[in-house]
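Everything on this sheet refers to the single structure shown next.
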4 protein chains.
Amino acid sequence: MHRSAEPETAADFESAASALLPPEIWDFVAGGSGAETTLAANRAALDRVFLVPRVLQDVSSCSTRSTLLGRPVELPVAAAPVAYQRLFHPDGERATSRAAASAGIPFTVSTLSSVPIEQVVEAGGSVWFQLYWLRDDAATLDLVRRAEAAGCEAIVLTVDVPWMGRRLRDIRNRFALPAHVRAANIATTATAHERAGAASAVATHTSQEFASRLTWAALARLRAHTDLPVVIKGLLAPEDAERAVDHGVNAIVVSNHGGRQLDAAVAGADALPDIIEAVRGRCEVLLDSGIRSGTDVLRALALGASGVLLGRPLIWGLAVGGERGAIRVLRLLETELHDAMGLAGCENVAAARRLRTSRLPA
Amino acid sequence: MHRSAEPETAADFESAASALLPPEIWDFVAGGSGAETTLAANRAALDRVFLVPRVLQDVSSCSTRSTLLGRPVELPVAAAPVAYQRLFHPDGERATSRAAASAGIPFTVSTLSSVPIEQVVEAGGSVWFQLYWLRDDAATLDLVRRAEAAGCEAIVLTVDVPWMGRRLRDIRNRFALPAHVRAANIATTATAHERAGAASAVATHTSQEFASRLTWAALARLRAHTDLPVVIKGLLAPEDAERAVDHGVNAIVVSNHGGRQLDAAVAGADALPDIIEAVRGRCEVLLDSGIRSGTDVLRALALGASGVLLGRPLIWGLAVGGERGAIRVLRLLETELHDAMGLAGCENVAAARRLRTSRLPA
Amino acid sequence: MHRSAEPETAADFESAASALLPPEIWDFVAGGSGAETTLAANRAALDRVFLVPRVLQDVSSCSTRSTLLGRPVELPVAAAPVAYQRLFHPDGERATSRAAASAGIPFTVSTLSSVPIEQVVEAGGSVWFQLYWLRDDAATLDLVRRAEAAGCEAIVLTVDVPWMGRRLRDIRNRFALPAHVRAANIATTATAHERAGAASAVATHTSQEFASRLTWAALARLRAHTDLPVVIKGLLAPEDAERAVDHGVNAIVVSNHGGRQLDAAVAGADALPDIIEAVRGRCEVLLDSGIRSGTDVLRALALGASGVLLGRPLIWGLAVGGERGAIRVLRLLETELHDAMGLAGCENVAAARRLRTSRLPA
Amino acid sequence: MHRSAEPETAADFESAASALLPPEIWDFVAGGSGAETTLAANRAALDRVFLVPRVLQDVSSCSTRSTLLGRPVELPVAAAPVAYQRLFHPDGERATSRAAASAGIPFTVSTLSSVPIEQVVEAGGSVWFQLYWLRDDAATLDLVRRAEAAGCEAIVLTVDVPWMGRRLRDIRNRFALPAHVRAANIATTATAHERAGAASAVATHTSQEFASRLTWAALARLRAHTDLPVVIKGLLAPEDAERAVDHGVNAIVVSNHGGRQLDAAVAGADALPDIIEAVRGRCEVLLDSGIRSGTDVLRALALGASGVLLGRPLIWGLAVGGERGAIRVLRLLETELHDAMGLAGCENVAAARRLRTSRLPA
Ligand SMILES: Cc1cc2nc3c(=O)[nH]c(=O)nc-3n(C[C@H](O)[C@H](O)[C@H](O)COP(=O)(O)O)c2cc1C
Ligand SMILES: Cc1cc2nc3c(=O)[nH]c(=O)nc-3n(C[C@H](O)[C@H](O)[C@H](O)COP(=O)(O)O)c2cc1C
Ligand SMILES: Cc1cc2nc3c(=O)[nH]c(=O)nc-3n(C[C@H](O)[C@H](O)[C@H](O)COP(=O)(O)O)c2cc1C
Ligand SMILES: Cc1cc2nc3c(=O)[nH]c(=O)nc-3n(C[C@H](O)[C@H](O)[C@H](O)COP(=O)(O)O)c2cc1C
């Protein structure tokens with residue numbers, strides 16, 4: 001037999017990562033909140049999107065190139081902010097940011113990055129800074145200034161975490177960060193590292209640090225505070241999208257945080273079309289939650305998105321092979337997207353966004 | 001490993017209870033009628049309700065407090081009437097009513113309570129009396145007077161039991177009450193305790209006692225007879241809801257009796273929206289049948305309900321740990337509801353009732 | 001344990017029958033044609049029909065009585081024509097017709113009855129004669145005259161068998177009738193009893209005997225030929241229903257022959273509503289194909305049918321216990337229907353036909 | 001037992017073929033691209049099409065005869081182009097083309113046929129030539145001329161292969177053609193036969209040979225170049241169908257290449273109705289992708305198609321028994337179609353195309 005054991009799909013990386021990582025770390029990345037209804041719905045919603053390809057289009061120079069926030073990217077994809085990446089590989093965000101740089105896509109560094117912003121930016125490429133608004137306003141705006149100074153090219157305000165969702169796997173595991181993994185950008189207490197009672201230490205820590213009193217005023221303040229493009233991440237309601245546009249955001253990420261916050265929240269792909277309609281082209285609209293392949297990227301584009309954020313799959317690559325593993329995941333995504341675009345008769349991303357979809361009822 | 005064995009969901013209590021209770025008692029609480037189509041449909045209908053959360057709302061003082069029948073409650077939840085609770089724990093209704101009192105929610109004591117009304121009311125907290133109209137009208141109205149005298153705060157007339165549904169588990173088990181468990185409020189014959197032929201003794205007893213000739217006149221009579229708020233429980237048709245409003249009820253419980261009466265009856269959550277529309281705010285509308293988590297409570301609120309009744313889960317808590325077990329179930333529900341409300345951007349129940357849902361077809 | 005081993009549902013009779021009957025005879029009764037898509041769809045279609053019960057109706061004298069073809073019946077149910085019943089029990093049609101008589105419902109004797117018409121009628125009760133139009137027109141009309149003479153009260157013309165559908169189980173079994181089971185009413189050749197090639201001998205025999213050139217003229221001829229009520233069985237298209245009404249039929253049986261003729265034919269319960277609409281009360285409309293319980297009968301009534309035919313379940317009863325077994329099946333059906341009607345707030349069949357349904361998409 | 005072991009359905013041939021063929025060859029024929037979403041959707045879409053049969057039509061001389069491209073056929077079916085058939089049986093296309101001839105249906109010989117066009121045509125019967133436009137235009141038009149000279153009766157231009165889809169089974173198997181199987185009509189390099197890296201050699205070869213820069217101009221050129229009927233194969237968008245009509249094609253094959261090209265492409269049967277509507281009878285419309293039985297052919301006709309192409313099932317027959325195996329598959333299809341047409345009350349293909357369908361939501 002000549003059977004190749006190479007990973008050929010994101011699912012291959014997923015199984016490899018699940019075999020490699022300690023169970024409670026695997027659970028931390030894989031899990032969703034509550035009954036994981038939304039985690040499952042994210043996939044189901046994408047799987048129900050069928051594409052109506054076009055034929056006899058010259059796709060000999062079909063290209064996945066596009067722009068995000070007005071800047072050129074090799075793929076209409078950015079790395080989603082994922083906290084504490086040294087959990088998955090000693091190189092953590094250093095590895096994934098380099099991988100994103102070499103794939104020609106933006107890397108979003110989390111407020112809860114386990115590598116300091118500055119070191120991430122050093123890796124080269126375009127870096128976006130994901131902001132969790134802290135209880136301390138001044139500290140929050142300091143973080144923004146620090147990101148600007150380091151050379152980040154956008155601020156991504158995540159708005160779906162007044163506190164951390166009930167992730168039952170972490171709660172049952174009484175999950176706590178190992179000593180060597182820390183939130184490198186913010187003042188940390190011991191909380192995130194200490195098992196206490198039947199709780200997730202990470203959730204407890206988050207609740208202590210994050211502001212749950214956040215309102216639209218915070219967005220206004222951020223908008224006034226920085227000249228960088230501002231992205232709002234974690235919207236699902238068209239009314240909120242309208243309001244975000246009114247606040248001058250440059251992009252919206254339609255997202256349910258990969259099924260990790262409100263369980264029973266509508267799937268990203270199900271929420272997307274209404275938001276596209278509400279926004280009427282006044283800012284970019286990205287999708288995340290459940291994207292696993294180039295086909296999924298094409299589905300998002302066909303539904304009208306400008307691009308997507310990629311969450312867990314990059315982490316699987318990181319866990320499996322550090323920077324090289326992450327690069328292979330992104331190359332796979334590019335191969336798949338290029339393949340799917342060409343087969344759908346799309347020579348570029350603009351054409352892909354004009355494809356019709358045929359959505360089956362659930 | 002640091003895996004916690006604590007129950008973190010209602011399903012955890014369910015498995016624990018199913019392991020603890022004798023099979024025929026487990027079947028009595030778990031089962032539905034006929035092919036259990038409606039029992040399953042209750043869950044499926046809730047699982048198809050997805051929520052569209054709002055963002056950037058100050059949820060730092062998010063509260064689950066509300067009112068039911070005009071009186072303050074800690075949660076928009078009441079304990080559903082469940083017969084013969086001493087089957088599940090020696091303390092029976094004494095334990096669950098205390099648990100409800102300490103959680104700050106009303107407890108509904110059944111006509112078929114295994115603890116006398118007066119002793120239930122003594123437990124403290126708000127108690128509602130659930131009325132099954134007996135063959136003997138005078139005895140029925142006496143029961144109402146007795147409930148008033150004892151201090152019950154509402155009368156809940158159950159209208160979906162002209163007789164007991166065909167619960168096949170009980171029939172196959174030839175289920176009969178053990179000697180120490182009796183209907184403490186009504187005159188009992190031996191029937192409920194004697195196995196006879198291939199039948200459920202409990203069903204036989206019910207048929208002997210209950211009136212199947214009940215009409216809307218009974219509701220009018222009840223309305224005239226008492227100054228307490230009157231709740232009608234077991235409606236699924238909008239036309240019936242209209243008529244109940246015309247009869248001056250204070251609340252309607254949209255319910256199919258947890259799938260225990262008409263098999264193939266429409267799921268509660270599927271019936272709810274039409275009833276909300278028909279009622280047009282003229283009385284409170286509560287939902288039961290299938291509620292298992294705070295997320296489900298939020299689903300019911302988002303569909304327009306004022307609150308829910310909680311049936312089986314409280315019994316699971318009772319079976320597992322008496323009063324303490326029941327309290328833990330209610331605390332869990334509160335934790336989950338608070339968490340879900342905050343993550344959905346709702347600072348109070350009024351906001352939750354304004355959430356939009358995204359219902360998938362079955 | 002006091003677990004009762006009594007059959008409490010049609011499914012219990014089904015398992016018992018399947019254990020008792022020789023495999024190839026079981027396959028003959030259980031099977032459908034082709035991929036058995038329609039066989040499965042019949043159940044799925046009924047399972048998707050949910051009922052909206054009414055409350056506070058006096059159901060103390062709830063009755064399942066009704067009329068079929070203008071004559072009183074204890075249940076709105078007739079025994080469907082089923083060929084060769086001596087395959088399942090030595091008493092064959094004698095047993096099932098007696099069971100129908102004692103349950104107060106009509107029995108439909110098949111052209112392919114294994115007991116002569118006259119002996120079936122002797123059993124007492126109302127007997128309908130099911131007619132397969134034979135290649136020989138004169139022989140066909142003779143059969144009708146013979147049925148009239150014997151005392152049959154209606155002629156049921158089956159129109160969905162120009163030839164027998166491809167029932168793969170029978171084909172794989174090379175099914176042939178045992179010597180002692182014969183079509184007692186028509187001239188038989190040896191064909192039905194001889195295994196020949198990879199075929200069902202029963203199918204071969206049918207093709208030899210039945211007319212595949214049948215048109216509406218045959219119905220007109222039958223209508224002119226007899227004064228008995230004429231029923232047309234095996235319609236699924238509203239246009240055909242209209243035409244049948246124009247031909248003066250007294251009733252239509254919406255049926256796909258229990259999934260035994262055209263595989264991929266629409267399920268009976270899915271076809272019913274359009275036909276009810278097309279017929280506009282100008283004749284009775286009955287449903288068969290998949291009816292298994294009193295709940296299913298109520299579903300059919302709520303969808304607008306006047307009643308149903310019961311196919312396989314009666315055969316299961318016959319196989320399990322001859323006449324007594326068949327009676328138990330019918331009693332069970334009555335118990336279930338009475339129970340369901342009362343729980344749905346219907347004191348009679350007319351009320352049941354006014355129930356609203358809530359149909360889920362497939 | 002008299003159980004027959006004869007194959008009675010396409011699925012029987014499928015299991016037999018899967019047991020006989022080497023795993024990597026089985027994978028080559030069975031597989032689809034990507035997650036095989038579309039491969040599965042093809043079946044699901046057909047399974048959701050239910051038919052509304054008509055009754056009392058004289059079907060005694062029911063005939064499956066029809067015309068395709070204006071010429072008489074015994075069945076409204078043509079053999080789909082399938083490459084490299086000597087993989088499955090030493091006789092390859094010689095066997096299947098003879099089988100098609102004896103069944104009285106057209107055989108489509110692929111550009112990638114493993115038997116030269118001329119030898120295929122010699123087998124007798126109507127042969128269509130399937131054209132893949134090569135990188136070299138002159139070579140492409142030479143192929144057309146050669147097909148004309150050999151006596152092919154139509155040119156079928158396949159437009160859904162700018163390159164080969166990502167068929168993961170082949171990639172994992174590093175699938176390469178065995179030495180004795182070659183593309184007999186086109187100049188071949190060694191590529192298709194050499195395992196190299198983690199890739200399908202067949203895909204690599206295809207990409208080297210095929211033009212991905214194809215536009216509608218190519219179709220215009222082909223139309224001008226030949227007097228034979230021109231068929232365009234691989235359309236799913238109604239807009240493309242309109243455009244094809246404007247280019248003077250004689251027929252359109254609605255197809256997603258059996259789920260082997262764009263994964264997540266809409267199922268053929270789901271795309272068909274919109275295309276029928278767009279075409280408004282201006283050319284023939286055929287369907288392929290997922291057809292497995294006469295019932296499926298009838299479904300396609302009822303949805304408005306003029307006929308279907310049959311892909312994998314013929315290959316299963318070939319693998320199982322060479323020419324005889326392929327003939328048995330086609331006879332089975334004819335038997336099934338005849339049976340289904342008659343049971344649906346259709347005496348001919350025109351009547352079948354007037355059948356109504358009842359499509360369930362997915
Ligand atoms: C382990 C993990 C950590 C995450 N950390 C953050 C974070 O720090 N900030 C943030 O905005 N989103 C965070 N997310 C959410 C992702 O940015 C993204 O929304 C989500 O992963 C997308 O879904 P997917 O994983 O199904 O692609 C995290 C997700 C995971 C899986
Ligand atoms: C064991 C059991 C006993 C019940 N007894 C009564 C009762 O006495 N009176 C009543 O109105 N409802 C009774 N119910 C129905 C509940 O009040 C409630 O409608 C139902 O349990 C809600 O469904 P859920 O259990 O799925 O939450 C009973 C339910 C169960 C499970
Ligand atoms: C074993 C068997 C034999 C049948 N024979 C006849 C028959 O002789 N004439 C007829 O009109 N229908 C016949 N039918 C069809 C039934 O009358 C009826 O339409 C069908 O059984 C209804 O579906 P159900 O079995 O799912 O209830 C037969 C059905 C079965 C299962
Ligand atoms: C092994 C294999 C080889 C194929 N080769 C060709 C080909 O050379 N040219 C072409 O147009 N289509 C080709 N097809 C696609 C078929 O013509 C047809 O569209 C498809 O098989 C229909 O789906 P079905 O197999 O589910 O019936 C091939 C399909 C298979 C399975």
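So you know, we letter chains A, B, ... as the sequences are listed, proteins then strands, and number each from 1.
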- line: From the list B:Leu46, B:Asp12, B:Thr295, B:Leu298, the residue making the most non-hydrogen contacts under 4.5 Å with chain A is B:Asp12
statement: Given B:Val52, B:Val49, B:Leu51, the one with more heavy-atom pairs under 4.5 angstrom with chain A than any other is B:Leu51
- prompt: Checking B:Arg54 side chain against A:Glu239 main chain: does a donor-acceptor pair fall under 3.5 Å?
  reply: no
- prompt: Just how far is it from atom CZ of A:Phe210 to atom OG of B:Ser60, taken to the nearest 0.5 Å?
  reply: 15.5 Å
field: Interatomic distance, B:Leu56 atom CG to A:Arg243 atom CZ [nearest 0.5 angstrom]
entry: 8.0 Å
- prompt: Residues of residues 302-333 of chain B under 4.5 Å from chain A (heavy atom pairs)?
  reply: B:Leu332
field: Inter-chain contacts: residues 340-347 of chain B against chain A, heavy atoms under 4.5 Å
entry: B:Ala340, B:Gly342, B:Leu343, B:Ala344
Nearest atoms (heavy-atom pairs only) where [X] meets [Y]:
X	Y	answer
B:Val55	A:Gly234	CG1-O, 3.5 Å
A:Asp240	B:Pro53	OD2-O, 4.0 Å
B:Gln57	A:Trp216	NE2-NE1, 3.8 Å
A:Met164	B:Asp339	O-OD1, 3.9 Å

- prompt: So which pairs with a foot in residues 252-265 of chain A pass salt bridge (charged side-chain N to carboxylate O under 4.0 Å, His left out), sequence neighbours left out?
  reply: none
Which answer fits [X], side chain, backbone, both or neither, if we ask what part of it has an atom under 4.5 Å from a heavy atom of chain B?
X	result
A:Asp270	side chain
A:Ala264	both
A:Leu214	both
A:Pro238	both

message: Checking A:Phe50 now: which residues fulfil ring-ring contact (aromatic ring centres under 6.0 Å, His included) with it, not counting sequence neighbours?
response: none
message: Among A:Asp274, A:Leu236, A:Val159, A:Val161, which residue has the highest count of heavy-atom pairs closer than 4.5 Å to chain B?
response: A:Val159
